[in-house]
Amino acid sequence: MRSIRKGTFEAGGEAVIAEVILHNLQILQKTLEWNLDNDIRAFRIGSELFPWMGHYSVEKLERFKEIEYECAYTGEFARENGIRLSFHPGPFNVLCSPDPAVVAKTTKELEAHSEIFDLMGYTPSFDTKINIHVGGAYGDKEGALETWTQNYRRLSASLRKRLVIENDDKRSMYSVKDLYGLHELCDGELPITFDYFHHSLHPDGLSEEAALGVAVSTWPTDVVPVTHYSESRRLEYQSIIEQIFQNNFMNLQEDLHKWPTLQLYYDQWSMIKENAHSDYVNRLPETYGHQIDVMLEAKAKDRALLAVREGVESIEEGRRTFTEVI
DNA sequence: CCAGGTCAAGGGAGT
DNA sequence: ACTCCCTTGACCTGG
């Protein structure tokens, strides 16, 4: 896909936008065809599909008819082949911000995502979800959730039938338990996307099974709930280092001064944050009997999915990538 | 031509 | 005050 830098957008305006959108729609179509060939039936579309989408009205773009046609074609292709599409707008979308300008920008951008699904011919449904996080706590979760709810009520009905909320990985932010409260504040409309990895970092007293059950209960019965799955990058790199040096990580830490290369790897490892996502995954999550869709949030994306399907050890794949980088 | 630095946006945590 | 992490690779410039 192509994207557009600020300067280019300001200089070229909407003329350059239409050209890039049409290019990106072609790439999306090719991607979905590749996915279908590889039996990948769920896809998160990158928001760069329509660069700067919150900054113009799609209907008023020149070449709108062409854009409309390509969107409709891709939507029909996805529906006919049972490919489930979704969006995950960036972390800059904060509906509970104390700054009205941030809320206004967020609203525009979320509505724009919803309009793209409209152009693709989708009836508003959580089947084609638009997934975000609450985004801020400001030391007052209850107050922030109240603000979030007020701004949520101002969104279009179409968007509200697509918008879903995901649990966070920090204790200062929103657990599944917190989000269930928000779900109720929003009149039971807002489903929760259960993220396994985030939950493990911020369980808030709920077991994985209980939290998944709570999240699943927030989805309409005629829509398959979506979950996110990834693993710890820190642990992944530990395993890679253990493989390379044929020793366990605890022992290796005592030998750092003997091996400059080991020290280099160790220094890189120590910079990795607890909540960073792995390139690959070793396993798929427990579903506890629920019928759910699982989206991999592994950095290597489709390569991670193909690897875990093939039963290839993620350590081996990851090691290859790691050594190439080094 | 290529590698490396840079790039719209909000917020929280760690150093 | 700065970097990483959530999201994502493409854009752009200097050599």
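First the proteins, then the strands, lettered A, B, ... as listed; each starts at 1.
- In this structure, B/dA9 forms no base pair with any nucleotide, since neither Watson-Crick nor G-U wobble geometry is met with both distances under 3.5 Å.
- The stretch residues 161-181 of chain A touches DNA chain B through A/K170, A/S172, A/M173, each having a heavy atom within less than 4.0 Å of the strand.
- As judged by a 4.0 angstrom heavy-atom cut-off over every strand, A/K301 is placed among residues touching the sugar-phosphate backbone only.
- No aromatic stack links A/F92 and the base of B/dG10, using centre distance under 5.5 Å and interplanar angle under 30°.
- A/R5 comes within 4.0 angstrom of a base, heavy atoms only.
- A/G46 comes within contact range of no nucleotide atom at all, as no heavy-atom separation falls under 4.0 Å.
- Put simply, CZ on A/F50 is 18 Å from P on C/dT8, counting in whole angstrom units.
- Checking A/H183 against A/E189 by side-chain atom types alone, no donor-acceptor pair falls below 3.5 Å.
- Among the atoms of the strands shown, only primed sugar atoms or phosphate atoms (P, OP1, OP2) are found under 4.0 Å from some heavy atom of A/R44.
- Of the candidates C/dT7, B/dG11, B/dG12, B/dG11 carries the atom nearest the A/V94 side chain, counting heavy atoms from C-beta on.
- Remark: C1' of B/dG10 and CH2 of A/W148 are 16 Å apart, rounded to the nearest angstrom.
- If you measure from atom NE2 of A/H202 to atom C1' of C/dC6, you get 15 Å, rounded to the nearest angstrom.
- The same atom, P, is picked in B/dG10 and in C/dC11; the two are 23 Å apart, to the nearest Å.
- Listed nucleotides: B/dA8, C/dC5, B/dG10. Nearest to the side chain of A/S97: B/dG10.
- Rounding to whole angstrom units, CD1 of residue A/I45 and C1' of C/dG9 are separated by 17 Å.
- One atom, CG of A/D99, and another, C1' of B/dA9, lie 12 Å apart when rounded to the nearest Å.
- In this structure C/dT8 sits in no base pair that meets the Watson-Crick or G-U test at under 3.5 Å.
- Side-chain atoms of A/N275 lie closest to C/dC5 of the nucleotides B/dA8, C/dC5, C/dA10.
- A/H23 has its NE2 atom 10 Å from the C1' atom of C/dA10, to the nearest Å.
- With salt bridges taken as basic N to acidic carboxylate O contacts below 4.0 Å, one links A/E19 and A/R2.
- Within 4.0 Å of A/F9, counting heavy atoms only, lies no atom of the nucleic acid at all.
- No engagement by A/H133 is indicated, since no non-hydrogen atom pair under 4.0 Å with the nucleic acid exists.
- The side chain of A/K105 approaches B/dG10 more closely than any other nucleotide in the set B/dG10, C/dC5, B/dA8.
- Between B/dC7 and C/dC4, the two P atoms lie 15 Å apart (nearest whole Å).
- The two residues A/A144 and A/C96 come nearest to each other via the heavy atoms O-CB, 3.2 Å.
- The side chain of A/R2 lies closest to C/dC11, out of B/dA8, C/dC6, C/dC11.
- For A/W148 and A/Y152, the distance between ring centers is under 6.0 angstrom.
- Using a 4.0 Å heavy-atom distance criterion, A/T106 is classed as making no nucleic acid contact.
- If you take atom P in B/dT6 and the same atom in C/dT3, they sit 10 Å apart, rounded to whole Å.
- Of the side-chain N and O atoms in A/H88, none sit less than 4.0 angstrom from OP1 or OP2 of C/dT8.
- Ring to ring, A/Y265 and A/W259 are not that close: their centroids are 6.0 angstrom or more apart.
- Distance from the side chain of A/S3 is smallest to C/dA10 among B/dG12, C/dA10, B/dA8.
- Between A/K108 and B/dA8 there is no side-chain polar atom (N or O) within less than 4.0 angstrom of OP1 or OP2.
- Under the 3.5 Å distance criterion, with hydrogens and angles disregarded, a donor-acceptor pair is assigned to the side chains of A/R162 and A/S114.
- Straight-line distance from the CG atom of A/D195 to the C1' atom of C/dC5: 13 Å, rounded to whole Å.
- Within the 4.0 angstrom heavy-atom criterion, only backbone atoms of the sugar-phosphate kind lie near A/I272; the bases stay farther away.
- A/Y138 places its OH atom 16 Å from the C1' atom of B/dA13, with the value rounded to the nearest Å.
- Taking the ring axis of A/F126 as reference, the NZ or CZ atom of A/K161 does not stay both within 45° of it and closer than 6.0 Å to the ring centre.
- Taking only side-chain nitrogens and oxygens, A/K6 never comes nearer than 4.0 Å to OP1 or OP2 of C/dC11.
- Not less than 6.0 angstrom separates the ring centroid of A/Y196 from the ring centroid of A/H199.
- A/E231 and A/Y280 are not linked by any side-chain donor-acceptor pair at a separation below 3.5 angstrom, with hydrogens and angles left out of the test.
- Using cut-offs of 30° and 60° on the angle between ring planes, the pair A/H198 and A/H277 is tilted.
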